[in-house]
Amino acid sequence: MKIYTKTGDKGATGLFGGTRVDKDDVRVECYGTFDEVNSFIGLLRSKLPVDHAWQERLHEIQMLFMNMMSHLATPSTATKPNTAPLPVDGAVMCEGWIDELEAQAGPSDYFLLPGGTEVSAFCHVVRTQVRRGERLLVRLMKEDTVDPSILSFVNRLSDLFFAMARAEMAGAGVSEERWNSFLYKKKKRRS
């Protein structure tokens, strides 16, 4: 089979189960955005040494993304079940890694200007792409059923890449450029 099928030449694409939708459908926008995220995670991995402590975990996240995207490409009306694993423990995995990273960099009370090192800047790019995907995911969830583990995983993933950016900067001895303190932290201090 050739890579080009010509079936999308009129602006439609196939979903899991055979349904066809326009390529600008919110479902396609959603899993397409996460495909971009996965590609940037791959780019981030290419910037890290092959024996870097993050490599294995980032690979695991990429694998979770592939399965998650297949679920996002599966409408609730699909006649056959999608048997790809869901990221049911994805949020907990991210939380554990965030806790480890914050132990290295310390807790954060501030919004930061993205940048620092090349690796931390890539982490911020992934963080913002994940948030864009999350917004599309919420739109999709208004139209069709999506397993709640996907939204929890995606929400935590953005926090993870923020923590990764901070840990990278701390490890490189680069100072964070603070913008403003987190509003919820201000409220806690006033109480």
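Atom set for the values below is all heavy atoms of this structure, side chains included, hydrogens, waters and symmetry mates excluded. These numbers were taken from a predicted model, which means no experiment stands behind them.
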Enquirer: Same cluster or not: are Phe153 and Met63 linked, directly or through other Ile, Leu, Val, Met, Phe, Trp or Tyr residues, by side-chain heavy atoms under 4.5 angstrom apart?
Expert: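 Different clusters.
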Enquirer: Begin with the C-alpha distance, continue with both residues' side-chain angles, and end with the deciding distance and a verdict on side chain to side chain contact (heavy atoms under 4.5 Å, CB included) for Arg57 and Trp97.
Expert: CA-CA 9 Å; Arg57 286 173 158 173; Trp97 195 4; 2.8 Å; yes
Enquirer: Does Asp147 reach the side chain of His71, with side-chain heavy atoms less than 4.5 Å apart?
Expert: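 A side-chain contact is absent here, since even the closest heavy-atom pair is not under 4.5 Å.
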Enquirer: Look only at the side chain of Ser152 and the backbone of Ser149, and say whether a donor-acceptor pair between them is shorter than 3.5 Å.
Expert: no
Enquirer: Is the shortest heavy-atom distance from the side chain of Leu137 to the side chain of Leu72 under 4.5 Å?
Expert: yes
Enquirer: With hydrophobic residues grouped by side-chain heavy-atom distances under 4.5 Å, do Leu86 and Met66 end up in a single group?
Expert: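 Shared cluster, yes.
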Enquirer: Write down the atom of Gly133, the atom of Cys30, and the distance for their closest heavy-atom approach.
Expert: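 Closest approach of Gly133 to Cys30, heavy atoms only: O-SG, 4.1 Å.
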Enquirer: Would you check if the side chain of Thr74 reaches a backbone N or O of Ser70 as a donor-acceptor pair within less than 3.5 Å?
Expert: yes
Enquirer: Answer yes or no: does atom NE2 of His59 have more than 12 heavy-atom neighbours from other residues, nucleotides or ligands under 6.0 Å?
Expert: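 No, NE2 of His59 has 12 or fewer neighbouring heavy atoms, counting only those of other groups under 6.0 Å.
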Enquirer: Hey, what's the ring geometry for Phe122 with Phe40, parallel, tilted or perpendicular (30° and 60° as the breaks)?
Expert: tilted
Enquirer: Are any of the side-chain nitrogens in Glu36 or Arg132 under 4.0 Å away from the carboxylate oxygens of its partner?
Expert: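 Counted as a salt bridge, because a side-chain N and a carboxylate O are separated by less than 4.0 Å.
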Enquirer: Quick one: does NZ or CZ of Arg45 land under 6.0 Å from the six-membered ring centre of Trp54, within 45 degrees of the ring axis?
Expert: no
Enquirer: Side chains of Arg127 and Ser158: any donor to acceptor distance under 3.5 Å?
Expert: no
Enquirer: How close do Glu168 and Thr117 get, heavy atom to heavy atom, and via which atoms?
Expert: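 For Glu168 and Thr117, the tightest heavy-atom pair comes out as OE2-OG1, 2.9 Å.
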Enquirer: Under a 4.5 Å cut-off applied to non-hydrogen side-chain atoms, are Leu101 and Leu160 in contact?
Expert: yes
Enquirer: Do Met93 and Val88 land in one hydrophobic cluster if side-chain heavy atoms of ILVMFWY residues count as linked below 4.5 Å?
Expert: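 Yes; Val88 is reachable from Met93 via cluster members.
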Enquirer: Do side-chain atoms of Glu134 reach the backbone of Val154 as a donor and acceptor pair under 3.5 angstrom?
Expert: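 Absent.
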Enquirer: Could you measure the distance from the CZ atom of Phe162 to the OG1 atom of Thr128? Nearest 0.5 Å is fine.
Expert: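 If we round to the nearest 0.5 Å, Phe162:CZ and Thr128:OG1 are 13.0 Å apart.
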Enquirer: Taking all non-hydrogen atoms of both residues into account, name the closest pair between Gly116 and Val174 and its distance.
Expert: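 Closest pair (atom of Gly116, atom of Val174, distance): CA-CG1, 4.1 Å.
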Enquirer: Is there side-chain contact between Leu140 and Tyr31, with heavy atoms separated by less than 4.5 Å?
Expert: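 Result no, sub-4.5 Å side-chain heavy-atom pair not found.
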Enquirer: For Asn67 versus Ala84, what's the shortest heavy-atom pair and its separation?
Expert: OD1-CB, 3.8 Å
Enquirer: Answer yes or no: does atom CG of Asp89 have more than 12 heavy-atom neighbours from other residues, nucleotides or ligands under 6.0 Å?
Expert: no
Enquirer: Taking the side chain as every heavy atom from C-beta outward, state whether Leu44 and Cys123 have any atom pair closer than 4.5 Å.
Expert: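 Touching, per the 4.5 Å side-chain cut-off.
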Enquirer: Has the side chain of Gln129 got a donor or acceptor atom that lies under 3.5 Å from a matching backbone atom of Phe34?
Expert: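 Not a single qualifying donor-acceptor pair exists.
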Enquirer: Do Leu43 and Ser46 make a side-chain contact, defined as non-hydrogen atoms from C-beta onward lying under 4.5 Å apart?
Expert: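 Answer yes - side chains close enough.
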Enquirer: So, Asp159 and Arg131, do they make that salt bridge, N to O below 4.0 Å?
Expert: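 Salt bridge present between Asp159 and Arg131.
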Enquirer: Can you tell me how far CD of Glu56 sits from CD of Glu60, rounded to the nearest 0.5 angstrom?
Expert: 7.5 Å
Enquirer: Do Leu151 and Val146 have side-chain heavy atoms sitting under 4.5 Å apart?
Expert: no
Enquirer: So do the side chains of Leu58 and Met164 get within less than 4.5 Å of each other, counting heavy atoms only?
Expert: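 SC-SC contact between Leu58 and Met164 confirmed.
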Enquirer: For residues Met169 and Gly115, report the shortest heavy-atom separation together with the two atoms involved.
Expert: SD-O, 3.9 Å
Enquirer: From Ser39 OG over to Phe65 CZ, what is the distance, rounded to the nearest 0.5 angstrom?
Expert: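 It comes to 10.5 Å.
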Enquirer: Can you name the nearest heavy-atom pair linking Gly106 to Arg166, along with the distance?
Expert: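 Closest heavy-atom pair between Gly106 and Arg166: O-NH1, 2.6 Å.
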Enquirer: I'd like to know if the side chain of Glu118 and the backbone of Lys47 have a donor-acceptor N/O pair within less than 3.5 Å.
Expert: no
Enquirer: Roughly how far apart are Asp99 CG and Glu95 CD, rounded to 0.5 Å?
Expert: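 These two atoms lie 7.5 Å from each other.
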Enquirer: Just verifying a value: how many Å separate Asn155 CG and Ile150 CD1, rounded to the nearest 0.5 Å?
Expert: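 Asn155 CG to Ile150 CD1: 13.5 Å, rounded to 0.5 Å.
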Enquirer: Do any N or O atoms from the side chain of Asp144 and from the backbone of Ser76 form a donor-acceptor pair under 3.5 angstrom?
Expert: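 Side chain of Asp144 to backbone of Ser76, a donor-acceptor pair under 3.5 Å: yes, one is there.
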